[in-house]
Trainee: 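Please find one structure pasted underneath; my questions will follow.
Side chains are part of it too, since the values below use all heavy atoms of this structure and drop only hydrogens, waters and symmetry mates.
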Amino acid sequence: MTEHPQDHEHDAEEFDTVILTDDEGKDHEFLHLDTLELEGSTYFVLMPISEDESEEDEAIILKLGKDAEGGEMLLDIEDDEEWEKVADAWENLVESEED
């Protein structure tokens, strides 16, 4: 696992770091909080690592899919119903871990 030089509230726990490149070629760094398997699909829960410590970031959920060449890539969840199912599953997992 990677140590993070930033002073984040998540530093008490160790998470893998994921770097995603946007459509403009700019890299963005995320903490990989969790991986969920739901209805035959795999989802990644990621927390942006922001340079501005005053910003309040929210976790994002991306679906593991394939690109045209068959390589793995993370995709936005387009379907609202699918997103709600995954968000609820992650929320339930977090709540059960806190108990």
Side-chain angles (χ1 to χ4, degrees):
M1 301 224 181
T2 306
E3 286 191 24
H4 308 289
Q6 295 91 346
D7 184 28
H8 280 97
E9 63 188 67
H10 299 291
D11 285 345
E13 301 177 53
E14 291 202 18
F15 296 103
D16 289 329
T17 301
V18 176
I19 297 174
L20 301 178
T21 306
D22 64 19
D23 294 338
E24 298 167 1
K26 185 176 178 188
D27 289 343
H28 302 273
E29 203 171 5
F30 296 85
L31 296 177
H32 178 204
L33 301 182
D34 216 336
T35 302
L36 301 172
E37 299 286 334
L38 190 64
E39 297 178 2
S41 295
T42 302
Y43 301 90
F44 284 57
V45 181
L46 305 173
M47 177 67 73
I49 299 174
S50 99
E51 299 296 320
D52 182 358
E53 292 296 324
S54 66
E55 277 185 33
E56 187 63 38
D57 291 321
E58 291 186 15
I60 62 168
I61 301 172
L62 299 174
K63 183 177 185 175
L64 185 63
K66 303 272 185 200
D67 62 15
E69 291 83 40
E72 291 184 336
M73 63 183 297
L74 293 173
L75 308 167
D76 287 326
I77 301 171
E78 301 290 332
D79 182 271
D80 289 341
E81 188 175 316
E82 179 183 10
W83 191 91
E84 285 294 328
K85 284 182 188 176
V86 178
D88 289 345
W90 186 60
E91 194 173 296
N92 290 337
L93 181 67
V94 169
E95 288 174 3
S96 69
E97 288 177 354
E98 289 176 354
D99 291 342

Trainee: Spell out, yes or no, whether M73 and L20 are grouped together once hydrophobic residues are joined by side-chain heavy atoms under 4.5 Å, including indirect joins.
Mentor: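 The answer is no; the residues belong to distinct hydrophobic clusters.
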Trainee: Give me the atom names and distance for the closest heavy-atom approach of E58 to P48.
Mentor: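 Taking every non-hydrogen atom into account, O-CD, 3.3 Å.
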Trainee: Can you name the closest pair of heavy atoms from I61 and A87 and give their distance?
Mentor: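 The answer is CD1-CA, 3.8 Å.
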Trainee: For atom NZ of K66, decide whether the heavy atoms of other residues, nucleotides or ligands shown that lie under 6.0 angstrom number more than 12.
Mentor: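 Enclosed: over 12 neighbouring heavy atoms sit under 6.0 Å from NZ of K66.
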Trainee: Would you compute the distance between atom CG of L93 and atom CG of L36 and round it to the nearest 0.5 angstrom?
Mentor: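 So the CG of L93 and the CG of L36 are separated by 6.5 Å.
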Trainee: Using 0.5 Å steps for rounding, measure from the CG atom of D79 to the CD atom of E84.
Mentor: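 Going from CG on D79 over to CD on E84, the span is 10.0 Å.
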Trainee: Any chance you could lay out the side-chain contact (heavy atoms from CB on, under 4.5 Å) test for L62 and I77, step after step, and finish with the verdict?
Mentor: CA-CA 6 Å; L62 299 174; I77 301 171; over 6 Å; no
Trainee: Which is it for Y43 and K85 under the side-chain contact (heavy atoms from CB on, under 4.5 Å) test, yes or no, and what are the steps along the way?
Mentor: CA-CA 11 Å; Y43 301 90; K85 284 182 188 176; over 6 Å; no
Trainee: Answer with yes or no whether the hydrophobic clustering places V45 together with L75; edges join I, L, V, M, F, W, Y residues whose side-chain heavy atoms lie under 4.5 Å apart.
Mentor: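 No, it is not one cluster - the side chains of V45 and L75 are not joined through contacts under 4.5 Å.
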Trainee: Please round to the nearest 0.5 Å and tell me the distance separating atom CD of E72 and atom OG1 of T42.
Mentor: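 Separation between the atoms: 8.0 Å.
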Trainee: Which atoms form the tightest heavy-atom contact between L74 and L46, and what is the distance?
Mentor: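 Heavy-atom minimum between the residues: CD1-CD1, 4.2 Å.
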Trainee: Report, as yes or no, whether the 6.0 Å neighbourhood of atom CG on D80 holds more than 12 heavy atoms from other residues, nucleotides or ligands.
Mentor: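 Atom CG in D80 is not packed in, count stays at 12 or less.
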Trainee: Between atom CD1 of I60 and atom CG of L33, what is the distance when rounded to the nearest 0.5 Å?
Mentor: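 Nearest 0.5 Å value for the CD1-CG distance: 10.0 Å.
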